[in-house]
K.L.:
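Here's a structure for you.
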Number of protein chains: 2
Amino acid sequence: MYEPVARTDRRRATEARIVDSAREQFAARGFDRTTIRAVAMSADVDPAPVMQYFGSKRGLFTRALQAAPAPGAAGDGAALLYQLLAPLGVKLGGMPDGTLAMLRSMLTDPASADHAREALGRQISGIGGALPAGEDGADGELRAALIVTTMPGMTIGRQLLGLDVLRDAPAERIGALLRPAIAALTEPPD
Amino acid sequence: MYEPVARTDRRRATEARIVDSAREQFAARGFDRTTIRAVAMSADVDPAPVMQYFGSKRGLFTRALQAAPAPGAAGDGAALLYQLLAPLGVKLGGMPDGTLAMLRSMLTDPASADHAREALGRQISGIGGALPAGEDGADGELRAALIVTTMPGMTIGRQLLGLDVLRDAPAERIGALLRPAIAALTEPPD
DNA sequence: GTCTATAGACAGATAGAC
DNA sequence: GTCTATCTGTCTATAGAC
């Protein structure tokens, strides 16, 4: 009761350190191969408190993902162009660790797959709604899906697999090359 | 010595059944979450012979991948267009299980990552060499990489994550929409 | 040759000492 | 509140019985 603030602060700092370490490891190794023990050691704490704080390994994973802003679903036309490029990871030269953690685990961990499906689905709906519909009934959602899936494709090649050609290329160059391709998908087929 | 053929045939048939089950499971769950036990049960054999036949879990995984033809590196111009579309999984409406197994595991299993890196690298080199170089020195390899990484991106969305929009769309439609986008990447920037 | 039984390792989670 | 020690379960891999 005499130093509640200091104690709470220490606790918060420790939690933050654990979450940071966890996010790095989840991004680097995926959910399954990341161990509570390794995270604790990296954060310089013991494994027991980690369980105490977050309840379970999955709880820690969820917290690590939450720290990174989930790709939103801005709806208006102005946000469209931003949505086309920013999520591609081109602007910042790389996706944040939280997103990488989700991408890394989405193919092997069902919960991560659900998370990814929902996040990508939101992006597809947002972009698809803003795309002009083709006269032949071609709905924009499919074109939006193809645009959106370009993000994980390139991010996987560039950051997760580390393909030399993609990793060495400056972000602006990639953006410049990608822009006309995305534009082609934006316009309805004739 | 009296029925060597029949015995060998039985053995071959059993091995084939095991490899088929393994390929399905590796494609569905990835390397880590696939267990020898589950594969054996699915193939209706006991786990012990599986180890006897393939030496290790990794050996079984390798065999399961080998069964599927690795994306080749055909070099001439005629193969280029085929390389652009066939690996996209559009033609056949889906990638074979062996490829899905590799894709599923490449983000969490280092050996699978190496395999994927090499396979994609071959495709990039093959296509990049055939692409016309830009006058500003923009090399074709980067554009080839962006073309090639479209494959895992779309396949992940369509088959591994199972995004509704992509899964429900007919393959020809996807191909038709993708063609102009790929064409935009094929031509050097001005 | 095929299968039962087990060894050995390592994970997540928990209970109790300090 | 923090950590040591342990429990429980699951896996790969191996050795030995039939």
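All heavy atoms count here, side chains included; hydrogens, waters and symmetry mates do not. The chains referred to below are lettered A, B, ... by the order of the sequence lines, with proteins before strands, and numbering in each begins at 1.
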K.L.:
Atom CD of Gln52(B) and atom P of dC3(C): how far apart are they, to the nearest Å?
P.N.:
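Rounding to the nearest Å, CD of Gln52(B) and P of dC3(C) are 11 Å apart.
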
K.L.:
Answer yes or no: is there an ion pair linking Asp114(B) with Arg117(B), defined by an N-O contact shorter than 4.0 Å?
P.N.:
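Yes.
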
K.L.:
Between the side chains of Asp32(B) and Arg33(A), is the shortest nitrogen-to-carboxylate-oxygen separation below 4.0 Å, so that they form an ion pair?
P.N.:
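Salt bridge present between Arg33(A) and Asp32(B).
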
K.L.:
May I have all residue pairs that pass salt bridge (Lys or Arg N to Asp or Glu O under 4.0 Å) and include part of residues 51-60 of chain A, sequence neighbours excluded?
P.N.:
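Non-adjacent pairs meeting salt bridge (Lys or Arg N to Asp or Glu O under 4.0 Å): Arg58(A)-Asp109(A).
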
K.L.:
In whole angstrom, what separates Phe54(A)'s CZ from dT14(C)'s P?
P.N.:
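Spelled out: CZ on Phe54(A) to P on dT14(C) is 16 Å.
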
K.L.:
Salt bridge between Arg12(A) and Asp9(A), side-chain N to carboxylate O under 4.0 Å?
P.N.:
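Looking at Arg12(A) and Asp9(A), the cut-off is not met.
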
K.L.:
Mind listing the residues from residues 107-114 of chain B sitting with a heavy atom below 4.0 Å of DNA chain C? Number order is fine.
P.N.:
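The answer is none.
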
K.L.:
Enumerate the residue pairs fulfilling ring-ring contact (aromatic ring centres under 6.0 Å, His included) with a member in residues 9-32 of chain B, sequence neighbours excluded, ordered by first and then second residue.
P.N.:
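Every pair satisfying ring-ring contact (aromatic ring centres under 6.0 Å, His included) with a residue in residues 9-32 of chain B: Phe26(B)-Phe31(B), Phe26(B)-Phe61(B), Phe31(B)-Phe61(B).
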
K.L.:
Tell me every residue that passes side-chain hydrogen bond (donor to acceptor under 3.5 Å, both in side chains) with Asp164(A), counting only those two or more places apart in sequence or in another chain.
P.N.:
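Here no residue qualifies.
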
K.L.:
For Glu141(A), enumerate each residue passing the salt bridge (Lys or Arg N to Asp or Glu O under 4.0 Å) test, keeping only those at least two apart in sequence or located in another chain.
P.N.:
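Salt bridge (Lys or Arg N to Asp or Glu O under 4.0 Å) list for Glu141(A), sorted by chain: empty.
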
K.L.:
Are the side chain of Arg23(B) and the backbone N or O of Asp97(B) linked by a donor-acceptor pair below 3.5 Å?
P.N.:
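Judged by distance alone, no pair lies under 3.5 Å.
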
K.L.:
Looking at Tyr53(A), does any N or O in its side chain come under 4.0 Å of the phosphate oxygens OP1/OP2 on dT2(D)?
P.N.:
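Checking dT2(D) against Tyr53(A), a side-chain N or O does come within under 4.0 Å of OP1 or OP2.
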
K.L.:
What N/O pairs connect the protein and nucleotides 4-13 of chain C at under 3.5 Å? Give each pair on its own line.
P.N.:
| from | atom 1 | to | atom 2 | distance (Å) |
| --- | --- | --- | --- | --- |
| dT4(C) | OP2 | Asp46(B) | OD2 | 2.7 |
| dG12(C) | OP1 | Lys57(A) | NZ | 3.2 |
| dG12(C) | OP2 | Ile36(A) | N | 3.4 |
| dG12(C) | N7 | Arg37(A) | NH1 | 2.9 |
| dG12(C) | O6 | Arg37(A) | NH2 | 3.4 |
| dA13(C) | OP2 | Lys57(A) | N | 3.1 |

